[in-house]
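Within every chain, numbering begins at 1; the chains are lettered A, B, ... in the order of the sequence lines, protein sequences first and strands thereafter.
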Protein chains: 2
Amino acid sequence: MAKVGLKDIAAQTGFSIATVSHALRNPDRVADATRKKVLAAAEAAGYTPNNLAVSLRTARSGNIVVIIPDIADSHNSNIIKAIEKVARERGYSVLLGDSQGSEKREREFARMARTRQADGVILMSHRLPFDRKPGEPVSKLPPIVNGCEYTGHDDLPQIGIDDYQAGLDATRHLLDYGHRQIAVITGDIETHSTRERLRGFNDAMTAAGVTVNDDHVIQLGYTLEDGIAGAQQLMALPSRPSAIFCFSDEIAFGAMYALREMGIDVPGDVSIIGCDNIPLARYFSPPLTTIAQPTAEIGAACATLLLDIIDGNPPTEPRVVVPHELKIRESTRRLDASAANR
Amino acid sequence: MAKVGLKDIAAQTGFSIATVSHALRNPDRVADATRKKVLAAAEAAGYTPNNLAVSLRTARSGNIVVIIPDIADSHNSNIIKAIEKVARERGYSVLLGDSQGSEKREREFARMARTRQADGVILMSHRLPFDRKPGEPVSKLPPIVNGCEYTGHDDLPQIGIDDYQAGLDATRHLLDYGHRQIAVITGDIETHSTRERLRGFNDAMTAAGVTVNDDHVIQLGYTLEDGIAGAQQLMALPSRPSAIFCFSDEIAFGAMYALREMGIDVPGDVSIIGCDNIPLARYFSPPLTTIAQPTAEIGAACATLLLDIIDGNPPTEPRVVVPHELKIRESTRRLDASAANR
DNA sequence: CTCCCGATGTGAAACGTTTAACATGCCGCA
DNA sequence: TGCGGCATGTTAAACGTTTCACATCGGGAG
């Protein structure tokens, strides 16, 4: 299979390159008979356009790159899946960038937009992956949307849940269930989402008239291992919490594992609530109470927004808030008198 | 930030385009002073090469596409992560193709190799995503390697564990533990890996002198939901198995969930063994006994092999077998007399 | 019979690089 | 003095398309 180009099929049919190109791309521009002949020849020769050349000429690559901290996290991969679906429907492919949280790698991936290998960027991180001169308008940047996080640039389109409200809701659920000694294991405190959830937590607590114990807020990362470490730390405390609000389901899984290892029952002794509602959450043992994030909606919105920007239709409203939902399952339990006195 | 090209920085420095190109790419080709000037100008102007043009000229896109049935499966996403790492080290980016098991989409992704948007394909599926004329040598196909699966084309490079041996090992473990009523919930029976594992299962059973109950082999898919359905089916049987060999950890999680819902204890009443050893396996409740697949090694081998092929160094030995390992945890238990009589 | 217009086809520039081939000037060596 | 050769720089072709501007032709309107 030697590479066959427009030139070859032009030679075969006797038409010019221009005509062949028109026949293929712009059917009305050419007589019916011509088009048929060209199509037939192209088919027979197994012609496939060289998309690089097309992209070079048209200044459109047909790729978007999504920069995500960890693709192995199923919350993230579900978002990617949704992005991929929308992108594909609109004729784009997605270039995957797993940055492992490294800013350097985020920037490497973002360069693809500069080098025209990609037409835009979906960023699932809290920092802009390129330098922006103060006052530089967003229109000068490569097309970009910011998913689930916040970079501090208000004019960038963003998609995500209302993290403050999510923090509020999760905490209220625990308060409703009678808990007062409530701990949190946060995600990366650098991120806006974490800070907002934490703010929600604090506000809910003070609104309920309970002061939060400083030892009860553990700032680690979003991983399962962080959940283990956090739970261990918490349970070593003189004043053990009766409930833990974990800022991701992974953290919650880790915490539940650690508690189980310590012989502490969930939810008998300690209630656990997570965040994300990854697919496994409802099948865990015990099924995890959590704040559900609509990953499909988030991914679809990210992709739609970005492609609209690329197409020259910037959104009127940069911030899209998608709804979250408290899923009450079995990892949280109403605190009864006996447990309260532990 | 208007796009600045070689031309612009040539104009600025007074050198020709060719010299600028050389200064950037081929430092020895040019006087020291010249290079410094060019570099400085490029830096100042914020020059970034247009990789499309580079690719077009050099006939090398710097992308590889990986076609995978489901990126949200953490076994898969860990492999992707490893691929991505190696690819990046060697100057390639990975284009992600989540095919959702659809052959049509597999083919769409594979076309990228034909249209020169990608230099090669890593295929995690059991069918070739393009037509191959009988007798057509593998060298005529786009560079491709086949991970974890088998397409029926012996000359394609393949990477994976020895699935037959894995089936054997898992089954023997159960037999060792005294189980005789052993069931399996397979993955997609269309796939070579599933068939090989099943063959291993059957051989281990007959070698131990136990005949397998036909009702005990349930053929479904690789997902958690399939595990639920399979377990329900199995437990409705008059002759309940005392152990289930699940062909993926997801299946195992589903099965454990279903059993728990039915009030059946794992491993007290039924032992469960999975396959893959996804990160969560050891943290599940109970921690899952499983066959570990070295995802990092698989991914790295896939990427290395493919890039070698692209670089013109086809492997001498097309099949790479990576080692699997039985991880004994708490979801399997030795069958004692009382349980045997259930 | 002219003129104009629409339908159809073509030539050539352009996209931004890389690179083969050639030009220039200088140095050292015989 | 003359010449080969090295160091440095340049010209221009090529990669495979798209697309603007123009050429040609035939036919209908006047």
Side-chain angles (χ1 to χ4, degrees), chain A residues 1-39 41-42 45-63 91 111-119, chain B residues 1-39 41-42 45-63 91 111-119:
Chain A
M1 162 132 339
K3 50 252 157 188
V4 19
L6 244 31
K7 192 163 43 176
D8 304 271
I9 110 109
Q12 272 178 47
T13 56
F15 291 108
S16 73
I17 295 186
T19 303
V20 173
S21 177
H22 277 139
L24 260 23
R25 295 298 210 250
N26 216 345
D28 305 336
R29 191 62 179 63
V30 100
D32 249 38
T34 308
R35 179 167 19 118
K36 290 215 180 76
K37 259 186 267 183
V38 169
L39 256 36
Y47 170 75
T48 35
N50 179 324
N51 280 343
L52 287 177
V54 175
S55 295
L56 177 59
R57 182 55 224 246
T58 59
R60 171 189 177 286
S61 72
N63 295 144
R111 278 194 72 248
M112 297 192 146
R114 278 253 154 72
T115 61
R116 307 302 316 148
Q117 289 179 275
D119 299 332
Chain B
M1 161 135 337
K3 50 249 155 190
V4 18
L6 245 29
K7 193 164 43 178
D8 304 272
I9 109 108
Q12 272 178 48
T13 56
F15 292 109
S16 74
I17 294 186
T19 303
V20 173
S21 176
H22 277 140
L24 260 23
R25 295 298 209 251
N26 216 344
D28 305 336
R29 190 64 178 61
V30 101
D32 248 38
T34 308
R35 179 166 19 116
K36 289 213 181 80
K37 260 186 267 185
V38 169
L39 256 36
Y47 170 74
T48 36
N50 179 324
N51 280 343
L52 287 178
V54 176
S55 296
L56 176 59
R57 183 54 225 248
T58 59
R60 172 189 175 287
S61 72
N63 296 143
R111 277 195 74 249
M112 297 192 147
R114 278 253 154 72
T115 60
R116 306 303 316 149
Q117 289 179 275
D119 299 332

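Listed pair S16(B) / dT10(D) meets the phosphate criterion, a side-chain N or O lying under 4.0 Å from OP1 or OP2.
Separating the CG atom of N50(A) from the C1' atom of dA14(D) is a distance of 13 Å, rounded to the nearest angstrom. dT18(D) atom P lies 9 Å from atom NE2 of H22(A), rounded to whole Å.
When each of dT18(D), dG9(C), dC15(D) is scored by its nearest atom to the side-chain atoms of S21(A), the top-ranked nucleotide is dT18(D).
Side-chain N or O atoms of D119(B) include one that pairs as donor or acceptor with a backbone N or O of G62(B) at under 3.5 Å.
Evaluation of the salt bridge (Lys or Arg N to Asp or Glu O under 4.0 Å) rule for K7(A) yields no partner, not counting sequence neighbours. R111(B) pairs by the salt bridge (Lys or Arg N to Asp or Glu O under 4.0 Å) definition with nothing, not counting sequence neighbours. Scored by the salt bridge (Lys or Arg N to Asp or Glu O under 4.0 Å) test, D32(B) finds R35(B), K36(B) as partners (sequence neighbours excluded).
Residues L24(A) and L6(A) are in side-chain contact: their nearest non-hydrogen atoms beyond the backbone lie under 4.5 Å apart.
Non-hydrogen atoms lying under 4.0 Å from DNA chain C are contributed by R25(B), R29(B), all within residues 25-35 of chain B.
Relative to the axis of its first five pairs, the axis of the last five pairs of the helix from dC1(C)-dG30(D) to dA30(C)-dT1(D) sits at 60°, rounded to 10 degrees.
Two residues, A18(B) and A53(B), neighbour DNA chain C, and the one matched to the more 5' nucleotide by heavy-atom proximity is A53(B). The nearest heavy atom of DNA chain D to R57(B) and to Y47(A) marks one nucleotide each, and the one closer to the 5' end goes with R57(B).
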Going 5' to 3' through nucleotides 23-28 of chain C, assign each nucleotide B (protein heavy atom under 4.0 Å from a base atom), S (under 4.0 Å only from sugar-phosphate atoms) or - (no protein heavy atom that close). ------

